[in-house]
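Computed over heavy atoms, backbone and side chain alike; hydrogens, waters and symmetry mates excluded. In what follows, chains carry the letters A, B, and so on, assigned in the order in which the sequence lines appear, proteins first and then strands, with residues in each chain numbered from 1.
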Protein chains: 2
Amino acid sequence: MAVNAANAVGKRRSLLHETRCQNCSLSSLCLPLALELEDIEQFDAIIRRRAPLKKGESLFRQGNAFNSVFAVRSGSLKQVTTEGSGDDQVTNFYLPSELVGLDGIDEQAYPGSVIALETTTVCEIPFDRLDSLSEQLPELRGQLYRSMSKELRDDRRMMRLLSRKTADQRLASFFSSLSDRFRRRGYSPYSFRLSMSRADIGNYLGLAVETVSRILGRFQQQELVEVSGREVNILNLEALLAQAQEEH
Amino acid sequence: MAVNAANAVGKRRSLLHETRCQNCSLSSLCLPLALELEDIEQFDAIIRRRAPLKKGESLFRQGNAFNSVFAVRSGSLKQVTTEGSGDDQVTNFYLPSELVGLDGIDEQAYPGSVIALETTTVCEIPFDRLDSLSEQLPELRGQLYRSMSKELRDDRRMMRLLSRKTADQRLASFFSSLSDRFRRRGYSPYSFRLSMSRADIGNYLGLAVETVSRILGRFQQQELVEVSGREVNILNLEALLAQAQEEH
DNA sequence: TCACCTCCTTGACCGGGATCATTGAGGTAT
DNA sequence: ATACCTCAATGATCCCGGTCAAGGAGGTGA
């Protein structure tokens with residue numbers, strides 16, 4: 001018992017240290033992006049630390065009351081919306097520094113479940129506190145507007161992908177986009193591990209799993225990528241980008 | 001000349017009268033939704049009146065610098081994004097009270113052109129003024145967050161439509177959604193005029209024009225709707241809704 | 001009134017990707 | 001090891017909706 005208490009204290013301390021915005025390697029991408037050091041402290045003060053989620057655990061479930069948005073700190077998640085009986089739709093993947101839950105503001109409930117694809121840590125940001133802080137900090141407010149606006153833009157891009165692109169182009173886009181997101185986060189844009197299954201990818205891109213498999217095979221023959229299970233090696237990023245943007 | 005000047009004054013006066021938020025029949029749907037009367041006046045003060053757009057004229061073009069968001073006052077518009085050479089994509093239709101341009105905040109440029117589908121009037125809301133006003137008026141800020149959040153949610157719904165629904169379901173959804181939007185605005189949910197062409201509808205829904213035509217034909221045979229040119233009569237809204245939501 | 005648009009409808013055909021079915025491969029508990 | 005399970009790859013078949021082609025239909029200007 002005494003040991004447990006000591007552990008708990010030690011754990012809390014290191015957790016606090018690890019998770020202060022001031023020390024966070026993601027701060028140049030995350031919400032506090034535009035803030036001065038002293039403002040970051042204010043922002044930091046409203047953030048709640050969360051125990052890491054294990055693979056498959058949900059951050060929240062569809063329909064849960066909306067209270068907070070979350071910034072991904074490490075790991076990754078998927079957003080899944082269920083309509084009717086068992087017809088799931090993966091509507092987003094979230095990587096570190098990205099904001100989860102913004103689409104719940106309007107109806108004060110989350111419109112989809114968000115599920116960890118691997119061990120994942122997030123920062124919880126109670127929305128009412130964020131809102132009132134954004135009253136005092138115009139930069140924070142601006143950053144919040146920008147985050148939502150960017151998500152809108154990304155959504156439009158996704159719609160274009162879903163309504164106009166072939167299966168090949170969809171996968172090429174998907175890998176290009178992942179590559180770019182990893183690059184921005186300081187990881188290798190050429191070599192990474194997919195945290196989502198083929199089924200998730202297919203569902204997200206509006207394709208059958210079989211199609212995903214087949215096209216990955218084709219991409220390997222064309223020596224665009226090298227895929228082994230969930231390990232991805234991009235061999236020819238330019239060609240992949242070209243594929244992705246090709247006219248029909 | 002004198003006559004013209006008199007006309008101009010008269011016109012301006014009536015325009016002012018017509019377009020004050022306090023008198024606007026849309027205020028219960030529009031941005032000032034949550035505001036007290038005196039706050040509405042503040043909000044009203046930052047709004048710029050615009051000359052009506054004629055059919056086919058653009059409110060702004062893709063790539064134009066972002067300065068304002070716009071609230072539709074009457075008429076309707078489409079948002080079109082062009083990528084590469086000539087490959088247009090209709091990403092949205094806007095009806096009265098809806099906000100246009102929110103997806104331009106992030107990159108300070110509009111990601112698509114917005115074009116009037118008929119004679120259309122809009123209220124221009126300079127974003128920097130809106131932002132600073134939102135600092136003083138928490139309700140306005142909340143409403144702005146909600147608007148963006150709602151658009152995110154609608155986008156997710158659209159993605160689901162594009163990636164999982166059959167052509168029939170897409171058109172059923174489209175008509176249901178239009179019907180609902182008209183109802184909320186106090187128009188008949190059963191009988192309305194489409195301001196967009198079949199080509200626009202097809203493009204928006206990710207379908208060929210021919211498919212749109214054929215399915216409209218089928219819907220008429222099934223006595224779900226009655227369509228003559230752009231006049232629509234919904235005969236069986238329940239069945240249409242059922243179609244739209246059907247599992248696969 | 002006629003020619004000329006643009007928009008819409010309808011028919012015939014074809015292909016990309018879904019679906020169904022089987023096999024392989026990796027991971028884990030017994 | 002073995003059995004079991006989930007995930008991925010591959011083959012065979014089918015069908016929805018795209019594409020191509022050819023008319024209507026309505027609107028507009030000379």
Side-chain angles (χ1 to χ4, degrees), chain A residues 54-56 78 86-90 115 117-119 161-175 193-222 225-232 243 246-248, chain B residues 54-56 78 86-90 115 117-118 160-175 193-222 225-232 243 246-248:
Chain A
K54 288 200 283 282
K55 178 174 173 173
K78 63 175 172 181
D87 177 33
D88 283 2
Q89 159 85 348
V90 175
I115 296 167
L117 293 169
E118 58 196 311
T119 302
L161 178 145
L162 290 172
S163 76
R164 309 211 91 69
K165 295 196 173 175
T166 63
D168 294 44
Q169 295 172 324
R170 293 183 199 195
L171 269 164
S173 294
F174 182 67
F175 280 116
R193 183 179 164 73
L194 300 171
S195 57
M196 67 291 284
S197 69
R198 302 284 191 275
D200 288 335
I201 297 176
N203 189 313
Y204 177 62
L205 296 177
L207 300 171
V209 202
E210 295 90 327
T211 307
V212 174
S213 259
R214 272 188 260 273
I215 290 173
L216 286 187
R218 207 181 307 152
F219 279 2
Q220 295 201 72
Q221 282 177 16
Q222 303 170 231
V225 293
E226 205 174 59
V227 184
S228 153
R230 295 192 174 184
E231 292 298 333
V232 175
Q243 271 264 14
E246 213 162 76
E247 297 292 318
H248 204 234
Chain B
K54 288 200 283 283
K55 179 175 173 173
K78 63 175 172 181
D87 177 32
D88 282 3
Q89 159 86 348
V90 175
I115 296 167
L117 293 168
E118 59 196 311
R160 159 182 293 275
L161 179 144
L162 291 173
S163 75
R164 310 209 88 69
K165 295 197 172 173
T166 64
D168 294 45
Q169 294 172 323
R170 295 183 197 194
L171 269 164
S173 294
F174 182 68
F175 280 115
R193 183 179 165 73
L194 300 172
S195 57
M196 67 291 285
S197 69
R198 301 285 191 276
D200 286 335
I201 297 175
N203 188 313
Y204 177 62
L205 296 177
L207 300 171
V209 202
E210 295 91 328
T211 307
V212 175
S213 257
R214 270 187 262 272
I215 291 173
L216 286 187
R218 207 180 309 152
F219 279 2
Q220 294 199 76
Q221 283 178 15
Q222 303 169 232
V225 293
E226 205 173 60
V227 185
S228 154
R230 296 194 173 184
E231 292 299 332
V232 176
Q243 271 264 15
E246 211 162 76
E247 298 292 317
H248 203 235

Enquirer: Using a 4.0 Å heavy-atom cut-off, does G206(B) contact any base of the nucleic acid, only the sugar-phosphate backbone, or nothing at all?
Expert: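 It contacts sugar-phosphate atoms only.
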
Enquirer: Rounded to whole Å, how long is the line connecting atom CG of L162(A) with atom P of dA18(C)?
Expert: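 Nearest whole value for this atom pair: 12 Å.
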
Enquirer: Mind calculating the distance between CG (L171(A)) and P (dA9(D)) to the nearest angstrom?
Expert: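 Atom CG in L171(A) sits about 11 Å away from atom P in dA9(D).
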
Enquirer: Over how many whole Å does the gap from K165(A) atom NZ to dG18(D) atom C1' extend?
Expert: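 My rounded result for the distance is 19 Å.
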
Enquirer: Which pair of non-hydrogen atoms, one from S195(B) and one from R230(B), has the smallest distance, and what is that distance?
Expert: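 Looks like O-NH1, 3.3 Å.
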
Enquirer: Are any of the side-chain heavy atoms of L171(A) and I201(A) separated by less than 4.5 Å?
Expert: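 Of all side-chain heavy-atom pairs linking I201(A) with L171(A), at least one is under 4.5 Å.
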
Enquirer: Against D168(B), only a single residue in Q243(B), Q222(B), R218(B) fulfils side-chain hydrogen bond (donor to acceptor under 3.5 Å, both in side chains); can you say which?
Expert: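 Among Q243(B), Q222(B), R218(B), the one meeting side-chain hydrogen bond (donor to acceptor under 3.5 Å, both in side chains) with D168(B) is R218(B).
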
Enquirer: Using a heavy-atom cut-off of under 4.0 Å over every strand shown, decide if R230(A) touches base, sugar-phosphate, or nothing.
Expert: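 Since only primed, P, OP1 and OP2 atoms lie under 4.0 Å of R230(A), the category is sugar-phosphate.
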
Enquirer: Rounded to the nearest angstrom, tell me the gap between atom CD in Q220(B) and atom C1' in dT9(C).
Expert: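 Those two atoms, CD and C1', are 11 Å apart.
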
Enquirer: R193(B) has an atom CZ; how far is it from atom C1' of dG26(D), in whole Å?
Expert: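 Distance, rounded to whole Å: 12 Å.
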
Enquirer: So if I define the base as every atom that isn't primed, P, OP1 or OP2, how would nucleotides 22-29 of chain C read as a B/S/- string at a heavy-atom cutoff under 4.0 Å?
Expert: --------

Enquirer: Are any non-hydrogen side-chain atoms of L216(B) and F175(B) less than 4.5 angstrom apart?
Expert: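 Touching, per the 4.5 Å side-chain cut-off.
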
Enquirer: Just the rounded figure in Å: distance from P of dT6(C) to NZ of K55(B).
Expert: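 Value for this atom pair: 13 Å.
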
Enquirer: For the residue pair Q89(B) and R164(A), establish whether any side-chain heavy-atom pair is separated by less than 4.5 Å.
Expert: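 Answer yes - side chains close enough.
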
Enquirer: For D168(A) and dG15(C), give me the distance from atom CG to atom C1', rounded to whole Å.
Expert: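 Going from CG in D168(A) over to C1' in dG15(C) covers 14 Å.
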
Enquirer: Rounded to whole angstroms, how far apart are CG on N203(B) and C1' on dC8(C)?
Expert: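 Rounded to whole Å, this separation is 16 Å.
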
Enquirer: Checking all strands, does A208(B) fall into the base, sugar-phosphate, or nothing category for heavy-atom contacts under 4.0 angstrom?
Expert: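 Here A208(B) touches the bases of the nucleic acid.
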
Enquirer: With rounding to the nearest 0.5 Å, note down the distance linking CD in E118(B) to NZ in K55(B).
Expert: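 The NZ atom of K55(B) is 9.0 Å from CD of E118(B), to the nearest 0.5 Å.
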
Enquirer: So if I take residues 209-219 of chain A and measure heavy-atom distances to DNA chain D, which residues fall below 4.0 Å?
Expert: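 Those residues whose heavy atoms fall under 4.0 Å from DNA chain D, taken from residues 209-219 of chain A in numerical order, are E210(A), S213(A), R214(A).
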
Enquirer: Under the 3.5 angstrom rule, does the side chain of Q169(A) hit a backbone N or O of E246(A) as a donor-acceptor pair?
Expert: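 Such a contact is found between Q169(A) side chain and E246(A) backbone.
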
Enquirer: Would you check if D87(A) and R160(B) make a side-chain contact, meaning some heavy-atom pair closer than 4.5 Å?
Expert: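 Yes, close enough: below the 4.5 Å cut-off.
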
Enquirer: Going by atom type alone, with no hydrogens or angles, which donor-acceptor pairs under 3.5 Å involve a side-chain atom of residues 204-211 of chain A and a protein atom two or more places apart or on another chain?
Expert:
none

